[in-house]
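Right, one structure below, let's go through it.
Counting starts at 1 for both ligands and their atoms, in listed order. Side chains are part of it too, since the values below use all heavy atoms of this structure and drop only hydrogens, waters and symmetry mates.
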Amino acid sequence: MALELTCCDCGRTAPAAPPVADYRCECGEHLWVRTDPRGFDWNSTVDAPGVWRYGALLPAASPGGVADAAGGTPLVRTPSLDDPGGVRVHVKDEGENPTGSFKDRGSALGVALALETGVETVGTVSHGNMAMSTAAHAASAGLDCVVLVPDDIPAERLGIIAQYGPTVLRVEGDYGRLYEESLRLGEERGVAFLNSDAPLRVEGQKTTMLEICEAFAPEAPDAVIVPVSSGGHASGVWKAARELAAAGAIDRAPRLYFAQAAACAPIAEAFEAGANEVKPVDAGETVAYSIANADPPSGRRALVAARETGGAVVAVTDGEILDARDEFARAAGFCVETSSATALAAARKLASEGELGADEDVVLVATGSGFKEARTGAGDETETVALSDLDERLAKR
Ligand SMILES: *Cc1c(COP(=O)(O)O)cnc(C)c1O
Ligand SMILES: [Zn+2]
């Protein structure tokens, strides 16, 4: 299939010659891979693992290997997280992906198309989940991989990325400029940079929403809450909702809510202000480091998706995020990444404001696993007991 890109806003189309370098339309909006969802229904899914089940809506086929482990994550009904107001909570557990986050969905598609088109090197700009994921999928496919990380990356995270054998470069200087710079240099040097909202990454990441909607078919959930940073996942989730609606596979899109950390919430601020553009912010520190993009390249996509589906973009404080992370673990047994806990914190806030109603089905997208993060402090109160006293201690439990 000849790959074509289309502007999500003005509809202009552009050919895509891999490595797809320029993802921006003349109007300034992002380009999506052009797909034709007409004719798709839930019987059009194929008997293939993970994301490849939706081959009819995807621009590449599985290269096998770890790509077959991407997606197909459980959607878990979790009554213990229900709101007293009667909101029914479901958790989409993206931590079950091979590198522990939804990024595997996009990496799988990006690497698959790179292989199909003879690209030998993929790359990414990330110091977290996207770097681990891109490096893992490249390793599985036998492609070279370049990962650009900031100079001050924590050693634990660097180790997880480096184990897959990519070329990791610590870049000194303005890391914020690398998103654009990498695309320019990648085009010159033949490296397909699969950055946060690259069109192929968006195609893969739309499968989160395809899976959610299929699980509820022929109905759809009332609301889906997604932690958002660059807006790449939001873009995919929204694209999926639009494709399913266009195909008639859902009657209406679920309300899309996006969650940000208050210390770095450019999209939530634009939503609150009723603005049409997302302006960069001076970000503060937050515990939700995976979603701290102060100048989100696809921020406007998330803004528009929230508005058009009747949802919202909300900011939650670090205190609320940490409480939600504890609640995920203590009430429901999920070890989610701190950034992912924003989804539950946002659900609590939205329910208290009457935005989520009784008897509504709400899906929290737990975007990543918490097992890569230390839980310093959580065990500080642990008591010590002598073996000889253990019987007595258990008796007075
Ligand atoms: C990347 C990431 C996000 C944010 O996704 P964007 O596509 O950048 O908006 C949220 N949660 C986790 C765990 C992530 O790794
Ligand atoms: Zn356009």
>> I'd like the name of whichever of Phe102, Phe258, Tyr289 reaches closest to atom 5 (O) of ligand 1 through any heavy atom.
In response: Phe102
Considering only the protein, which heavy-atom contact is closest to [atom], and what is its distance?
atom	value
atom 10 (C) of ligand 1	Ile291 CG2, 3.3 Å
atom 2 (C) of ligand 1	Lys103 NZ, 2.4 Å
atom 11 (N) of ligand 1	Thr367 OG1, 2.8 Å
atom 9 (O) of ligand 1	Ser229 N, 2.8 Å
atom 6 (P) of ligand 1	Ser230 OG, 3.4 Å

I need the atoms of ligand 1 closer than 4.0 Å to a non-hydrogen atom of [X], numbered in the order shown.
X	result
Glu337	13 (C)
Gly231	6 (P), 9 (O)
Gly368	13 (C)
Val228	9 (O)

>> Residue-level breakdown please: for Glu94 versus ligand 1, do any non-hydrogen atoms fall below 4.0 Å on the side chain, on the backbone, on both, or on neither?
In response: neither
> Between Asn129 and ligand 1, which residue portion shows a heavy-atom distance shorter than 4.0 Å: side chain, backbone, both, or neither?
Replying inline: side chain
Verify whether one side chain among [X] and [Y] offers a donor that lies under 3.5 Å from an acceptor in the other.
X	Y	answer
His30	Arg301	no
Asp93	Thr73	no
Lys103	Asn97	no
Ser133	Arg201	no

>> Using 0.5 Å steps for rounding, measure from the CD1 atom of Ile225 to the OG1 atom of Thr342.
In response: 9.5 Å
> Quick one: does Trp42's side chain have a donor or acceptor within less than 3.5 Å of a partner on Ala249's backbone?
Replying inline: yes
>> Looking at Arg34, is its backbone amide N or carbonyl O close enough to the side chain of Glu4 to form a donor-acceptor pair, meaning the two atoms are under 3.5 Å apart?
In response: no
> Can you tell me if Cys25 has an N, O or S atom under 2.8 Å away from the Zn ion (ligand 2)?
Replying inline: yes
> What is the ring orientation for Phe216 with His90, classed by angle as parallel under 30°, tilted 30 to 60°, or perpendicular over 60°?
Replying inline: perpendicular
>> Counting neighbours of CD on Glu285 that are heavy atoms of other residues, nucleotides or ligands and sit closer than 6.0 Å, is the number greater than 12?
In response: no
>> Within the supplied structure, the quantity of interest is the number of heavy atoms (other residues, nucleotides, ligands) at a distance under 6.0 Å from Glu120 CD; does it exceed 12?
In response: no
> Angle subtended at the Zn ion (ligand 2) by SG of Cys7 and SG of Cys27, to 10 degrees?
Replying inline: 100°
> Within the structure, does His233 bring an N/O atom to less than 3.5 angstrom of an N/O atom in ligand 1?
Replying inline: yes
